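Below you'll find the structure, written out as structure tokens, and then a few comments.
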Protein chains: 2
Amino acid sequence: MPTPERTSTEEIVAAGREILEVAGPSGLTMQAVAERVGVRAPSLYKRLRDRDALHAAVAAASIDALTARLESAGDDIAALAHAYRRFAQEHPEGFRIMFSIAAPHDALERSAAPLIRAATALVGDDDALDAARLFTAWATGFLQMELSGAFRLGGDVDRAFEYGVSRLTAGMTG
Amino acid sequence: MPTPERTSTEEIVAAGREILEVAGPSGLTMQAVAERVGVRAPSLYKRLRDRDALHAAVAAASIDALTARLESAGDDIAALAHAYRRFAQEHPEGFRIMFSIAAPHDALERSAAPLIRAATALVGDDDALDAARLFTAWATGFLQMELSGAFRLGGDVDRAFEYGVSRLTAGMTG
DNA sequence: ACCTGAACACCGTTCAAGT
DNA sequence: ACCTGAACACCGTTCAAGT
């Protein structure tokens, strides 16, 4: 005798993203997610293998959300950098969890595409991948350090970000 | 009637660092550390407020270990970059945990000093801090992405690292 | 087919009692 | 002074039983 579905993987993952931002990775528990979607914890195991799978699904969803932001950001590197930073500031835990897990290939590729397009326009086909990686690494590290408070030592963080964007852009074309 | 101390904060933190590398952050439990140092879990609360304090202490110790590496690495930027990367590869979880917690001011300052010295030699006093941050952000992001598997898409990762080092060094002086 | 309560193992934390 | 066992709350996970 079938029972109607009382939730869905999508709803579970969306609830997971919200809980993650409020309670951090240690607060992203099966029980918290179950309560949020109106179900008992054992029911989650119908859709997710275990807690690690929940974390991986939330990480993948964060990458997808970032990708959507980047795709609608515009086609130059400064616009992409600002969209990336805005995403990290609005979803600091979502930003962090992306790098705590080996993401699926296709999600990575989609998220990288806008920047590779922008880099190609700037430096040409041959150097586009190297340039995109240089830029992504800088931005990722900058945001990581900004979020973890490593820039408390002084100076204007906004200005430091702009400095990095213009400096790297100039360095690529020069 | 006094009882002899059966462990110490130093021993606890050292055990924590080893467990972290083997079992990851979720495996860094009070019970695992207690067993490793030959004591029962409640005894740890004599020296550490709670589990968060254990994680923070392990993060601070990781920063100190990195600082020692950097201090003995040499005085130019390429040498510092390679020392940083070697540390991250040998202690991937130690590298990650450094950015998951707001580190104490003085630990941050000490860890930054060698790079700021190298940057000063390269670009002068005025631009040293900006240059050091640009470089640290890039290296941190690169290692983060390397460890999380974001470079699986192809290309020689060692070469990409060298490319970044030389490109950034040239960009700073140019 | 999906959901649940019950059960078990394991962890964080407190505290009274031991030496 | 430091250490421990006992206790409690909470979480992950499995599974038989409900609809």
Side-chain angles (χ1 to χ4, degrees), chain A residues 1-62 93-94 96-98 100-102, chain B residues 1-62 93-94 96-98 100-102:
Chain A
M1 210 82 75
T3 297
E5 310 195 349
R6 242 164 264 187
T7 184
S8 66
T9 306
E10 289 70 32
E11 192 191 15
I12 290 168
V13 172
R17 290 185 66 203
E18 294 168 18
I19 292 167
L20 175 67
E21 290 303 331
V22 166
S26 73
L28 182 49
T29 66
M30 300 301 269
Q31 314 229 13
V33 170
E35 184 175 17
R36 173 79 79 118
V37 303
V39 106
R40 300 292 177 166
S43 298
L44 299 180
Y45 292 81
K46 278 282 142 173
R47 328 201 180 247
L48 293 164
R49 200 168 10 83
D50 56 18
R51 193 193 195 220
D52 275 358
L54 170 66
H55 275 77
V58 168
S62 297
E93 297 293 347
R96 269 194 258 263
I97 205 177
M98 294 191 313
S100 72
I101 262 150
Chain B
M1 210 81 77
T3 297
E5 310 196 348
R6 243 164 265 188
T7 184
S8 65
T9 306
E10 290 68 32
E11 192 191 13
I12 289 167
V13 172
R17 290 185 66 203
E18 294 168 18
I19 291 167
L20 175 67
E21 291 303 331
V22 166
S26 72
L28 182 51
T29 67
M30 300 300 269
Q31 314 228 14
V33 170
E35 185 176 16
R36 173 79 79 120
V37 301
V39 106
R40 299 292 179 167
S43 298
L44 299 180
Y45 292 80
K46 278 283 143 174
R47 329 203 179 245
L48 294 164
R49 199 169 13 82
D50 56 18
R51 192 193 197 221
D52 276 358
L54 170 66
H55 276 77
V58 168
S62 296
E93 297 293 348
R96 270 194 257 262
I97 205 176
M98 294 191 313
S100 73
I101 264 151

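Computed over heavy atoms, backbone and side chain alike; hydrogens, waters and symmetry mates excluded. Since the structure is predicted, the reported quantities are computational estimates derived from the model, not experimental observations. All chains are named by letter (A, B, ...) in the order of the sequence lines, taking the proteins before the strands, and each is independently numbered beginning at 1.
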If I take atom CG in residue B/Leu54 and atom P in nucleotide C/dG12, what distance separates them, rounded to the nearest angstrom? 9 Å
Is the phosphate of D/dG12, meaning OP1 or OP2, less than 4.0 Å from a side-chain N or O of A/Arg51? yes
Classify A/Gln31 by what it touches in the nucleic acid, base, sugar-phosphate, or nothing, heavy-atom distance under 4.0 Å. base
Nucleotide D/dC10, atom C1' - distance to CD of A/Glu35 in whole Å: 13 Å
Return the value, rounded to whole Å, for the distance between atom NZ of B/Lys46 and atom P of C/dG18. 16 Å
Classify A/Ser43 by what it touches in the nucleic acid, base, sugar-phosphate, or nothing, heavy-atom distance under 4.0 Å. base
Take B/Lys46 and B/Glu5 through the salt bridge (charged side-chain N to carboxylate O under 4.0 Å, His left out) test and state the conclusion after the steps. CA-CA 11 Å; B/Lys46 278 283 143 174; B/Glu5 310 196 348; over 6 Å; no
Please tell me which of the listed nucleotides, C/dT13, D/dA1, D/dT4, lies nearest to the side chain of B/Arg6? D/dT4
Rounded to whole Å, the CG-P distance (A/Asp50 to D/dC15) equals 14 Å
When both hydrogen-bonding distances must be under 3.5 Å and the geometry is Watson-Crick or G-U wobble, what is D/dA1 paired with, if anything? C/dT19
Sub-3.5 Å donor-acceptor pair from the side chain of A/Glu93 to the main-chain atoms of A/Val22, do we have one? no
Side chains of A/Thr3 and A/Arg6, heavy atoms from C-beta outward: is any pair under 4.5 Å? yes
Rounded to the nearest Å, what distance is computed from the CZ atom of residue A/Arg40 to the P atom of nucleotide D/dG18? 17 Å
Whether A/Arg49 contacts D/dT13 is assessed here as follows: a side-chain N or O lying under 4.0 Å from the phosphate OP1 or OP2. Is that the case? no
Under the criterion side-chain contact (heavy atoms from CB on, under 4.5 Å), I'd like the reasoning laid out for B/Ile12 against B/Leu48: C-alpha separation, chi angles, the key distance, then a yes or no. CA-CA 9 Å; B/Ile12 289 167; B/Leu48 294 164; 3.8 Å; yes
Could you tell me how far apart A/Leu28 (CG) and D/dC11 (P) are, to the nearest whole angstrom? 12 Å
Base-pairing mate for D/dC8 - Watson-Crick or G-U, with both contacts under 3.5 Å: C/dG12
Rounded to the Å, how far apart are A/Leu44 CG and D/dT14 P? 13 Å
Keeping the roles fixed (side chain from A/Arg51, backbone from A/Leu28), state whether a donor-acceptor pair exists under 3.5 Å. yes
Out of D/dG12, C/dA6, C/dT19, which has the shortest distance to the side chain of A/Thr29? D/dG12
Have a look at A/Arg47 and say if it touches a base, only the backbone sugar-phosphate, or nothing, with a 4.0 Å heavy-atom cut-off. sugar-phosphate
Could you state the atom-to-atom distance from OH of B/Tyr45 to P of C/dT14 in whole Å? 7 Å
